Structures are given as C-alpha cells and as structure tokens.
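As structure tokens, the structure follows; a few thoughts come after it.
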Amino acid sequence: MASLRSKLPFLSFFFFCFYVSPSISTNSEGNALHALRSRLSDPTNVLQSWDPTLVNPCTWDLGNSNITGRLGPELGQLQHLQYLELYRNNFEGEIPEELGNLKNLVSLDLYENQLHGEIPKSLAKLKSLRFLRLNNNRLSGSIPRELASLSNLKVFDVSNNDICGTIPIEGPFGSFPMER
C-alpha cells in the first residue's frame, strides 16, 4: 500500500497529461528530454527508468536529485512544459537562452546549483511565468530590464549570486520586497 501511495502523485500527473491534454505530442519533446538525459550524470539512478516514449512532459521535477551536468539547448524544445524544477542539484554552466522558448512555463526553479554567467534576456519572453528562482548559484551581471515585462511574475529570487547593478522598479519588480 505504501508503494502505491508513493506513486499516486505521478499517476495523477500522468492522468492529467495523458487524458486531459490528448493533443500534446510527446515525440519531439520526449526526444529533447532524452537528449538532455544523455548529457547528465545520475549517480542515484533517478532517471534510470525514464522512457521518453511513455512520458508526456508537461512537468519535469528533478529537484534535489543529485544530478550533475549542463543544461542544454534542447530544453527550449519542450513547448508544453509548465514547471521546470531542477533545484538543489549540481547543474553547471550557463542558463540556456533557449529557455525563453518555453511559452507555457509557469515556474522555473534552478536554485542551489552551480550555474554561472548572466541571466538570459530571453526569459522575458516567458509571459506565463509566475515563479523565477535562481538563487544560490554563481550568476553574475545585472538583472535584465526586459524581465520587467513579465506581468504575471509573483516570485523572483536571485539572492546569493554575484548580481550587480540596479534592480528594476517597473512591472512586477515594484511590488517585490527588497532585502538589504
């Protein structure tokens, strides 16, 4: 019974994506996830049984999974992705510009990794984005002014990075609490 109970969230998600969203094609998105998987190191075998032909990638939650590697441009092909949860892993490298192609993305959680470089301006194209958490990485540069156009953004966290420059005050940034 405990085994079935632990699988209920996955089964509920599968039901939603498979039966509620039948028009979603998983071939190109499954292939993109498979390409990403091939570049990652997975010491705890979280991805071992993942099969791109059986998964409908509406949500991909691999938070706190001890996965290492670089995020690749293929992530930008996941057109139906709504939640990208890759927090508390060991991803390194830059945040791919291609993430700006994920027009249905509601939540982007890349916090507590080893990501570096600048925050891509392309993230300003994510008009459905409500949660953007990039804290506890090694990001540098300034907060792109273009992000002020994200009118649905409710949570924005870039703390514990090497961000410099001024913080935008337009758009959703005007209502965010400022920590000193």
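On a predicted model such as this, the values are computed, not experimentally measured, just so you know. We use all heavy atoms of the structure for the numbers below, so side chains are in, but hydrogens, waters and symmetry mates are not.
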Any donor-acceptor pair under 3.5 Å from [X] side chain to [Y] backbone:
X      : Y      : value
Asn113 : Leu86  : yes
Ser107 : Arg130 : no
Asn89  : Ile67  : yes
Asn135 : Val158 : no
Arg138 : Leu115 : no

If you round to the nearest 0.5 Å, how far is [atom2] of [Y] from [atom1] of [X]?
X      : Y      : atom1 : atom2 : answer
His116 : Ile95  : NE2   : CD1   : 10.5 Å
Leu81  : Glu85  : CG    : CD    : 9.0 Å
Asn66  : Arg88  : CG    : CZ    : 13.0 Å
Asn161 : Ser140 : CG    : OG    : 8.5 Å
Leu99  : Leu105 : CG    : CG    : 7.5 Å
Ser65  : Tyr87  : OG    : OH    : 8.0 Å

Which atom names give the shortest non-hydrogen contact between [X] and [Y], and what distance separates them?
X      : Y      : answer
Pro172 : Ala148 : CD-O, 3.3 Å
Gln77  : Ser28  : OE1-O, 4.2 Å
Ala35  : Ser38  : O-OG, 2.6 Å
Gly93  : Arg70  : CA-NH1, 3.0 Å
Leu36  : Gly72  : CD1-N, 3.7 Å

Item checked: Stepwise side-chain contact (heavy atoms from CB on, under 4.5 Å) check, Ile119 with Leu139 -> CA-CA 7 Å; Ile119 299 170; Leu139 299 173; 4.2 Å; yes

Note to self: What verdict does the side-chain contact (heavy atoms from CB on, under 4.5 Å) test give for Phe91 and Gln114, after you've listed the backbone C-alpha separation in whole Å, the side-chain angles of each residue and the deciding distance to 0.1 Å?
What the structure shows: CA-CA 6 Å; Phe91 290 108; Gln114 301 298 317; over 6 Å; no

Note to self: Whether Arg133 and Asp157 form a salt bridge (side-chain N of Lys/Arg under 4.0 Å from carboxylate O of Asp/Glu) is what I want to check.
What the structure shows: no

Checklist line | Note: Lys125-Glu146 ion pair, threshold 4.0 Å (strictly below) | finding: no

Side-chain contact, heavy-atom cut-off 4.5 Å: [X] with [Y]?
X      : Y      : answer
Phe176 : Leu153 : yes
Leu71  : Leu110 : yes
Glu74  : Glu98  : no
Val106 : Tyr83  : yes
Asn101 : Gln79  : yes
Leu123 : Leu108 : yes
Phe173 : Ile143 : yes
Leu147 : Phe156 : yes

Examine the side chains of [X] and [Y] and answer whether a donor and an acceptor come within less than 3.5 Å of each other.
X      : Y      : value
Ser149 : Lys127 : yes
Thr166 : Arg145 : yes
Asn160 : Asn136 : yes

Item checked: Single-linkage hydrophobic cluster Ile163~Ile169, side-chain heavy atoms < 4.5 angstrom ->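 Looking at the clustering, Ile169 is in a separate group from Ile163.
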
Item checked: Steps toward side-chain hydrogen bond (donor to acceptor under 3.5 Å, both in side chains) verdict (Ser122, Glu97) -> CA-CA 6 Å; Ser122 65; Glu97 289 280 337; 3.3 Å; yes

Item checked: Verdict with supporting geometry, Leu126 and Leu102, side-chain contact (heavy atoms from CB on, under 4.5 Å) -> CA-CA 7 Å; Leu126 303 175; Leu102 303 176; 4.1 Å; yes

